[in-house]
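Here is the structure we will look at, set down as C-alpha cells.
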Amino acid sequence: MSGDFQAPKGVSEYFPPRSGIFEKVVRKLEHVSLAANYHLIELPVFEDTELFTRGVGESTDVVSKEMYTFEDRGGRSLTLRPEGTAGVIRSIIEHGLDRGQLPVKLYYRGPFFRAERPQAGRYRQFYQFGIEAVGLDDPFLDAEVISIAYRGFSSLGLKNFELQITSLGDDESRGKHRVEFLKFLSNLDLDGETLDRVKKNPLRIFDDKRAEIQAKIKDAPVLLDFLTSDSSMKFEAVKGALEELEIPFVVNSRMVRGLDYYTGTAFEFVHKGLGAQASIGGGGRYDGLMKTLGGQDLSGIGFGLGIDRIILALETEGLVDTSNENSKGVDEYLDLFIVPIGDSAKLRAISLIEMVRKTGFVADMGFGDRSLKGAMKAADKLNARHVLVLGDAELQSGQGRLKRMADGNEVSITLDSLAASLKNAV
RNA sequence: GUGGGCGUAGCUCAGCUGGUAGAGCACCCGGUUGUGGUCCGGGAUGUCGCGGGUUCGAGCCCCGUCGCUCACCCCA
C-alpha cells in the first residue's frame, strides 16, 4: 500500500481489466430487461430518511442499524439509499407514472449503501441492478420478473445457482400463521438476543445459522401451510408459469426476506460457490408499499441483483479470465496502434488516429519517447491488431505499411486512406 | 457490535530457533542502422502498516494502535 489515502472501509472498486466484467454484467442485465419492455429509471442515491424508515420498515436491520444518515445544510435528514424499491415507488408516485398504462415497468442500477461490517461479497457501497413492475397484481407478472433475472444469469453463463421461491401470503395468511408460530416458539427455550429478533419478525429465526436453533425449529409451523385460498392459487399460478418457462426452482418454505414490505411471492437466487453471502439476487411482491408511501393502493413486484456478487460468482465458476493483469487474453483490443517516430510524426499520428476513430475503430498511438521496440511491445500488450509505423519516410511519401500483428504480414497503404485500408484489413 | 486470521516491492508471496531484506510476475533499457510476441543480459522499486517496549541488535519477541480479511448478526 502506498500513498496517503485509502478507499473508505468496505467499498468495492473496479478498474481495468476487471471493470470490463462489471460493464458486461450490467449490459447483459439491461439487455434482458429492455427485451421485456422495462426501461431505465435513474434516481438519486440519497433520499429523505423517512422514505426508508416508513417504506422498508423500522424493525428491519437495514433501517435500524445499517443506514448512512446525515443532515444537509437545511437541516433535512437524508439517507444514502440502502435499497432500490422505495426510491422507485417514490418517483412513480411523485411523477404520476402510475396514472397511465399499468404495469409501469422500470429498471435501475447503481450504488447502494449499508453500514455493515464488510465481509466476502458484502460491501458498504455495493452495486445493484433491479427491476420493478408496478400496478398490477398478476402472478404471471411475478413469473416474468423472475424469468428476467433467470435469463440474465443464464446469459452470463452462470450455472451453479438455485432459484428458491415461496409465498409470504397476504395479511390474513400471515395473521393465522403468526398465532400458531408464536405459540410454537413460546414453548422453546431461547436466549434473549434471539427472542428480540423473534419479537421484530418471527420468521427471521428461520435464517439463524446455529445448528441448535435449527434443530429446535425443525417442526415449526410453516407459513405456506396457512395461505388463504387466494394466496395459494396465485402461488400455484407462479409455479405453473415457471414450469412452462422451464425455469427450475425449489420451494423454500423457510425463506426469509430482510425487508418488511414483501407479501405474496418472494424469491431468491442462491449461488453455491460463494461464502456466507450466497444470495446473488432476490425480490418479491409488495402489496402495501405504495399506499404506505402516500400513493395509490397498487401492488408491485421486483427484484434486486447484486452485481458485485454476480462478478464473484462468475469468477468462482471460472467464467472470467483472471489469469494475469495485462489485458491480453480478454476481449479488449485495438484495431490500430500508430508508432510515431519524432514530433512531426506525432502531429500527423494524432490526426490520423482521430480520423480512424471517427469511422468506428478503436485506435491508440505511442505517446512519450519510447524506442521503436518499446512502442511495438506496447502495441502488442494492448492487443493491437494492426500497427502503422510513422516516420520521416512515411511523412514524405504519404505511404505506409500496415502491419497485421497476428501473422506479421504488411500491406502498403496511403496515409490519407488509412481508415479505408483498415476496413479492408479487418 | 462480537470473534478468528493476516499486514514485507505495483501484484502474489518467501524470509530458518532475533544479526539492519529476497523470489516470481509486471515495469524500464539493451542484444548494431526503423518493427512486437519466445529467449538472453542489465536496471529501478520497499520509512518490512504505524507507535512504543525488550535486546548489543527486531521484518521476526511483547504491548498498543490502525487497516485488511473471514465468520456471527443481517443481506445484494
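By convention in this document, chain letters (A, B, ...) are assigned in the order of the sequence lines, proteins followed by strands, and residues within each chain are numbered from 1.
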Next item on the list: Quickly work out the A:Leu336 CG to B:G36 P distance and round it to whole Å.
Entry: 18 Å

Note to self: Work out how far the C1' atom of B:C11 is from that of B:U17, and round it to whole angstrom.
What the structure shows: 31 Å

Item checked: Atom P, compared across B:C63 and B:G24: separation rounded to whole Å -> 36 Å

Item checked: Integer angstrom distance from the C1' of B:G46 to that of B:G31 -> 30 Å

Check: What class does the angle between the rings of A:Tyr108 and A:Phe112 fall in, given that below 30° is parallel, 30 to 60° is tilted and above 60° is perpendicular?
Finding: perpendicular

Item checked: Same-atom distance (P) from B:G64 to B:A71, integer angstrom -> 26 Å

Check: Does A:Thr60 put a side-chain nitrogen or oxygen below 4.0 Å from OP1 or OP2 of B:C74?
Finding: no

Next item on the list: Using the P atom on both, measure B:C16 against B:G7 and round to a whole Å.
Entry: 12 Å

Item checked: Whole-Å C1' distance, B:G41 and B:G34 -> 23 Å

Check: Listed in order of residue number, which residues of residues 395-403 of chain A have a non-hydrogen atom at under 4.0 Å from RNA chain B?
Finding: A:Arg401, A:Lys403

Margin query: Reading RNA chain B from 5' onward, which residue's closest nucleotide shows up sooner: A:Glu410 or A:Asp308?
Written below: A:Glu410

Next item on the list: Inspect the contact between A:Glu42 and A:Arg109 and indicate whether a charged nitrogen and a carboxylate oxygen are less than 4.0 angstrom apart.
Entry: yes

Next item on the list: Taking atom P in both B:C61 and B:G19, compute the distance separating them and give it to the nearest angstrom.
Entry: 12 Å

Margin query: According to ring pair (Phe, Tyr, Trp, His ring centres under 6.0 Å), does anything in residues 128-155 of chain A pair up with another residue at least two apart or in another chain? List the pairs.
Written below: A:Tyr107-A:Phe129, A:Tyr150-A:Phe161, A:Phe153-A:Phe161, A:Phe153-A:Phe269

Check: How far does CZ of A:Arg114 sit from CG of A:Leu80, to the nearest 0.5 angstrom?
Finding: 12.5 Å

Check: If you draw a 6.0 Å radius around CD1 in A:Ile350, do more than 12 non-hydrogen atoms from other residues or ligands fall strictly inside?
Finding: no

Check: Between atom CE in A:Met376 and atom C1' in B:C28, what is the gap in whole Å?
Finding: 18 Å

Margin query: Does atom OH (A:Tyr14) have a neighbourhood of more than 12 heavy atoms from anything else shown, all under 6.0 Å?
Written below: yes

Check: Does OP1 or OP2 of B:C72 have a side-chain N or O of A:Gln119 closer than 4.0 Å?
Finding: yes

Next item on the list: For the pair A:Arg401 and A:Glu394, find out whether any cationic side-chain nitrogen is under 4.0 Å from an anionic carboxylate oxygen.
Entry: no

Checklist line | Secondary-structure stems for RNA chain B, with pairs counted as Watson-Crick or G-U when both distances are under 3.5 Å and runs at least 3 long | finding: B:1-7 with B:66-72, B:10-13 with B:22-25, B:27-31 with B:39-43, B:49-53 with B:61-65

Check: Does A:Lys381 make a side-chain N or O approach to OP1 or OP2 of B:A26 shorter than 4.0 Å?
Finding: no

Next item on the list: State whether the distance check finds a donor on one side and an acceptor on the other, under 3.5 Å, for side chain A:Glu116 versus base B:G1.
Entry: no

Next item on the list: Return no unless some side-chain N or O of A:Lys373 is found under 4.0 Å from OP1 or OP2 of B:C29.
Entry: no

Item checked: Side-chain ion pair, A:Lys234 and A:Asp137, N-O less than 4.0 Å -> yes

Item checked: Polar side-chain contact A:Asp380-B:G37 base: donor and acceptor under 3.5 Å -> no

Note to self: Any side-chain N or O of A:Arg257 below 4.0 angstrom from OP1/OP2 of B:A76?
What the structure shows: yes

Check: Under 4.0 Å between a Lys/Arg side-chain N and an Asp/Glu carboxylate O for A:Asp416 and A:Arg348?
Finding: yes

Notebook entry, point to check: Roughly how many Å is it from CD in A:Glu132 to P in B:A76, rounded to a whole number?
Noted result: 12 Å

Next item on the list: Report the distance from atom CZ of A:Arg124 to atom C1' of B:C68, rounded to the nearest whole Å.
Entry: 12 Å

Margin query: Between B:G37 and B:U47, how far apart are the two P atoms, rounded to whole Å?
Written below: 33 Å

Check: For A:Arg117 and B:C74, is the shortest distance between a side-chain N/O and OP1 or OP2 below 4.0 Å?
Finding: no

Notebook entry, point to check: B:A76 base stacked by A:Phe126? Criteria: ring centres under 5.5 Å, plane angle under 30°.
Noted result: yes

Margin query: Taking atom CG as the centre, does A:Asp171 end up with more than 12 heavy-atom neighbours from other residues, nucleotides or ligands that are less than 6.0 angstrom away?
Written below: no

Notebook entry, point to check: Between B:G34 atom C1' and A:Phe337 atom CZ, what is the distance in whole Å?
Noted result: 15 Å

Check: Hey, is A:Lys183 close enough to A:Glu180 for a salt bridge, meaning N to O under 4.0 Å?
Finding: yes

Checklist line | Comparing A:Asp61 and A:Glu394 on RNA chain B - which has the more 5′ nearest nucleotide | finding: A:Glu394

